[in-house]
Q: 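Structure in structure tokens, see below.
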Amino acid sequence: MQKSILIIGACGQIGTELTLKLRELYGEECVVASDIREGSDSLMQSGPFELLDATNYEAVEDVILYHEIEEVYLMAAMLSATAEKFPERAWNLNMNSLFNVLNLAKENKINKIFWPSSIAVFGPNTPRDMTPQNSIMEPSTVYGISKLSGERWCEYYHNKYNVDVRSLRYPGLISWKTQPGGGTTDYAVEIYHDALSKGNYQCFLKEDTKLPMMFMDDAIRAAIELMDSDTGQIKVRSSYNLGAMSFSPKEISESIKQWLPDFSITYQPDFRQSIADTWPSSIDDSKAKEDWNWAAEFDLTKTTAEMINQLSKNF
Ligand code: AKB
């Protein structure tokens with residue numbers, strides 16, 4: 001099926017792999033990558049690229065009209081840890097970029113939007129284990145507040161203006177191709193890099209802080225499957241809970257030791273601990289399973305095997 005797609009924020013952790021996958025599926029020329037900076041060689045050389053500020057409505061509109069874009073994946077965002085340092089910049093980026101694409105869809109300039117939400121929409125009063133789709137949502141971080149507000153706007157634009165916007169509440173994402181930046185769950189990627197390069201890792205969370213996580217292949221497949229589902233299947237227009245695995249720093253370190261027996265970990269919790277303490281430890285994603293047949297493929301054992309195998313090629 002031919003369709004023209006724009007990825008905004010294509011050079012980040014999710015955007016890079018998403019762009020490459022969409023180019024593989026829909027053809028390189030049909031998938032336009034955009035970001036405020038240039039990305040990896042594989043991204044820059046495999047198809048069209050536009051320098052684009054996601055908060056600039058006219059610039060986003062120009063790119064959409066020029067390339068006759070039908071679908072937008074809006075991946076530009078400031079993540080939880082960085083957002084605590086720059087609250088207003090985070091709010092500005094996370095909300096204005098979303099309003100821009102929602103309004104372009106309202107004006108029928110694009111047909112469909114994918115926008116990632118996060119487990120950060122939950123807060124300290126939410127039940128932490130197997131957090132349900134509908135629960136108490138009182139996020140205490142700037143990032144969580146922006147994602148929860150975004151979810152409400154997505155549902156509002158769908159109900160009021162029939163905008164076809166689809167969203168997932170991503171857990172922490174683990175990938176070997178692109179490093180994350182500014183998140184609380186970033187330790188789960190850093191740990192593999194340090195295990196291979198130094199043999200030890202100093203973790204910024206406590207050893208027993210269990211958080212929901214997902215391998216990037218599952219995260220990308222979830223976005224594409226959600227976008228390819230029939231409209232009638234999508235019953236949730238705020239954002240779907242999405243689960244795969246949950247583990248603590250101690251558990252991931254044990255899994256790494258299966259491959260690197262001499263690996264050691266120390267713990268020095270910083271301000272990110274108080275963010276993690278307000279997030280779920282595991283997620284109930286039965287609604288996504290029921291509505292559009294979501295099923296994760298990577299558990300911790302499979303993720304560690306893939307991370308060590310792929311990253312060790314560089315050492
Ligand atoms: C973060 O840690 O900020 C993100 C997220 C869970 O949304 N990875």
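Start at 1 and go down the list; that is how both ligands and their atoms are numbered. Throughout, numbering of the chain's residues begins at 1 and tracks the sequence.
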Q: Looking at W153 versus F99, is the centre-to-centre ring distance below 6.0 Å?
A: yes

Q: Is the shortest N/O to N/O distance between W279 and ligand 1 below 3.5 Å?
A: no

Q: Would R272 and F204 count as a cation-pi pair here, with the cationic atom under 6.0 angstrom from the ring centre and within 45° of the axis?
A: yes

Q: Check ligand 1 against G183 and write out every atom of the ligand that is under 4.0 Å from a heavy-atom position of the residue.
A: 1 (C), 2 (O), 3 (O)

Q: Is it the case that the ring center of W115 lies less than 6.0 angstrom away from the ring center of Y73?
A: no

Q: Of all the non-hydrogen atoms in the protein, which one sits nearest to atom 2 (O) of ligand 1, and at what distance?
A: T184 N, 2.7 Å

Q: Of all the non-hydrogen atoms in the protein, which one sits nearest to atom 5 (C) of ligand 1, and at what distance?
A: S118 OG, 3.5 Å

Q: For atom 8 (N) of ligand 1, what is the nearest protein heavy atom, given as residue, atom name and distance?
A: T185 OG1, 2.9 Å

Q: Could you check whether the rings of Y156 and Y161 sit parallel, tilted or perpendicular, using 30° and 60° as the cut-offs?
A: perpendicular

Q: Taking 4.0 angstrom as the limit and counting only heavy atoms of L79, give me the atoms of ligand 1 inside it, by number and element.
A: 3 (O)

Q: Do K206 and Y267 meet the cation-pi criteria used here (NZ or CZ under 6.0 Å from the six-membered ring centre, within 45° of the axis)?
A: no

Q: With heavy atoms of Y143 as the reference, note each atom of ligand 1 found under 4.0 Å away.
A: 3 (O), 5 (C), 7 (O)

Q: Is it the case that ligand 1 has an N or O less than 3.5 angstrom from some N or O of Y170?
A: no

Q: Tell me which protein heavy atom sits closest to atom 3 (O) of ligand 1, plus the residue, atom name and distance to 0.1 Å.
A: S80 OG, 2.6 Å

Q: For the backbone of T184 and the side chain of S80, can you confirm whether one donor and one acceptor N or O come within less than 3.5 Å of each other?
A: yes

